[in-house]
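Shown next, in structure tokens, is the structure this report addresses.
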2 protein chains.
Amino acid sequence: MSGIRALQKEKTRRQLIDAALGQLSSERSFSSLSLREVAKEAGLAPTSFYRHFSDMDELGLTLVDEAGLTLRQLMRQARQRIDKGGSVIQISVRTFMEFIENNGNIFRLLLRERSGTSPAFRAAVNREIRYFTLELCDYLQQANKLDAEVAYLQANAAVTIVFSAGSDALDCDKKDLAQLAQRTIKQLRFIARGAFEFGVRNENRSLKVKGETK
Amino acid sequence: MSGIRALQKEKTRRQLIDAALGQLSSERSFSSLSLREVAKEAGLAPTSFYRHFSDMDELGLTLVDEAGLTLRQLMRQARQRIDKGGSVIQISVRTFMEFIENNGNIFRLLLRERSGTSPAFRAAVNREIRYFTLELCDYLQQANKLDAEVAYLQANAAVTIVFSAGSDALDCDKKDLAQLAQRTIKQLRFIARGAFEFGVRNENRSLKVKGETK
DNA sequence: TATTTCGGTGTACACATGTACGCTATTCTA
DNA sequence: TAGAATAGCGTACATGTGTACACCGAAATA
């Protein structure tokens, strides 16, 4: 049951995954990788690939899962830092930026496949981002006592802004990175402030703003 | 000088461009198009392609320019509507959503190539988006009398949110589209409100919020 | 009108790709 | 320990790719 065989299989499976991840770069997308390239990089014969994945797509979806895992691990890391005290927004952005510096290619994978050609990929990436957003939403809702809808809208907007900043960071000179982070922090504050104002209104009045409802 | 020849050339050049645009879809990205496919779709022999573009990349950059043009035309359309009166945010979002419904594949092109593998493509797309943002920034600055930096941050955030919503719209059931638009509008209001608050503070006080400066 | 230019064609080639098939050696199972 | 299962290999093939090359006929130019 220990499975000296199953163990070896798991190992070369990892080699394939790592080979694929290793080939990703700013100038190489997953969809541009060929089965043969990945197999070769992993030190395998092309046809051996099929012993582990039926498809490049199957490998790709595995990579997206992997990325999602890394993303959630990131969240935990941020939480720990926040619980130790400090500005939530500031720490979150800093954490995210560090993530991108260390996992640029994984982040690229997410960004690219989110708007890619495979519905399955798009769904997978969106699922991961939704988790990410919902966790933030929960946090906002109970930390700031916001209306559920407002909290979701804020979380969604914040994630969008941060991901976009991350995307910019990938093409950024290292020296401009701090400025980018500062701008992002300010934008998140706009959103937080706006959400707060509207959240309060929602509680006290009957949501009537500038006579635009209906 | 009229050039019956140059005229014909321009015409088949357009055929190539249109052929490429026509092949784009949710499941087909530009980078997955082959020179031969495009030529065939345009009714040309593969080798004739070279009479017009040295490369598929060159065609691609032309497409991005085309998309930028459509984007700016969109802006003008929105301006006209706004000048006729109505909520700026509401009209802008509506206009953008219509754009996406009618030009889904062009918008997909922008989204994909922005995070694509070609630095030239990324630069081109970002340039178009920057124009878009700066125009909005000007508008905000003079309409709301905001601090220049605050106006830019608001414009940038707003464009990010709207583009992201556009991306979602592409994968959206038609019936959910109205909801998506509503949510986007609310998020833009958050940003506008937040920017306004911070903008005002910037004028009157010395920017000290929650003791987070420094 | 004689000559040049040039958009378009068809042929041809080298190359990379996905994958079907059969084989081997090692591990697992009965 | 005999037999089944299976991870990995090499060969082979059909297909699609970019593009070099020589050629043609119509438009442009002199």
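Protein chains get the first letters and strands the later ones, always in sequence-line order, with residue 1 at the start of each. Source: prediction; values computed, not measured.
The CG atom of A:L33 sits 10 Å away from the P atom of C:dG18 (whole-angstrom rounding). In this structure, the NZ atom of A:K40 is 11 Å from the C1' atom of C:dA16, given to the nearest Å. To the nearest angstrom, P of D:dG8 lies 12 Å from CG of A:L7. Atom pair A:Q15:CD and D:dA7:P shows a separation of 15 Å (rounding to whole Å applied). Rounded to a whole Å, the OH atom of A:Y50 is 16 Å from the P atom of D:dG10. The CD1 atom of B:I4 sits 16 Å away from the P atom of C:dC6 (whole-angstrom rounding). Per the geometry, CZ belonging to A:R14 stands 18 Å off P belonging to D:dA7, to the nearest Å.
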Counting primed atoms, P, OP1 and OP2 as sugar-phosphate and everything else as base, the B/S/- map of nucleotides 7-13 of chain C against protein heavy atoms under 4.0 Å is BBBB-B-
How far apart are the C-alpha atoms of B:E135 and B:R72, what are their side-chain angles, what is the distance that settles it, and do they pass the salt bridge (charged side-chain N to carboxylate O under 4.0 Å, His left out) test? CA-CA 9 Å; B:E135 286 199 44; B:R72 261 165 284 172; 5.4 Å; no
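Between A:S34 and the phosphate of C:dA16, there is no side-chain N or O to OP1/OP2 separation shorter than 4.0 Å.
In summary, B:R108 and B:D171 do not engage in a salt bridge, as defined by a charged side-chain N under 4.0 Å from a carboxylate O. We find that B:R114 and B:E128 are not joined by a salt bridge, their nearest charged nitrogen and carboxylate oxygen being 4.0 Å or further apart.
Geometrically, A:R189 does not engage B:F198 in a cation-pi contact defined by less than 6.0 Å to the ring centre and at most 45° from the axis.
Taking a 6.0 Å sphere around CZ of A:R94, one finds it holds 12 or fewer heavy atoms contributed by other residues, nucleotides or ligands.
Classification of the B:F107-B:F163 ring pair by plane angle, with boundaries at 30° and 60°, yields tilted.
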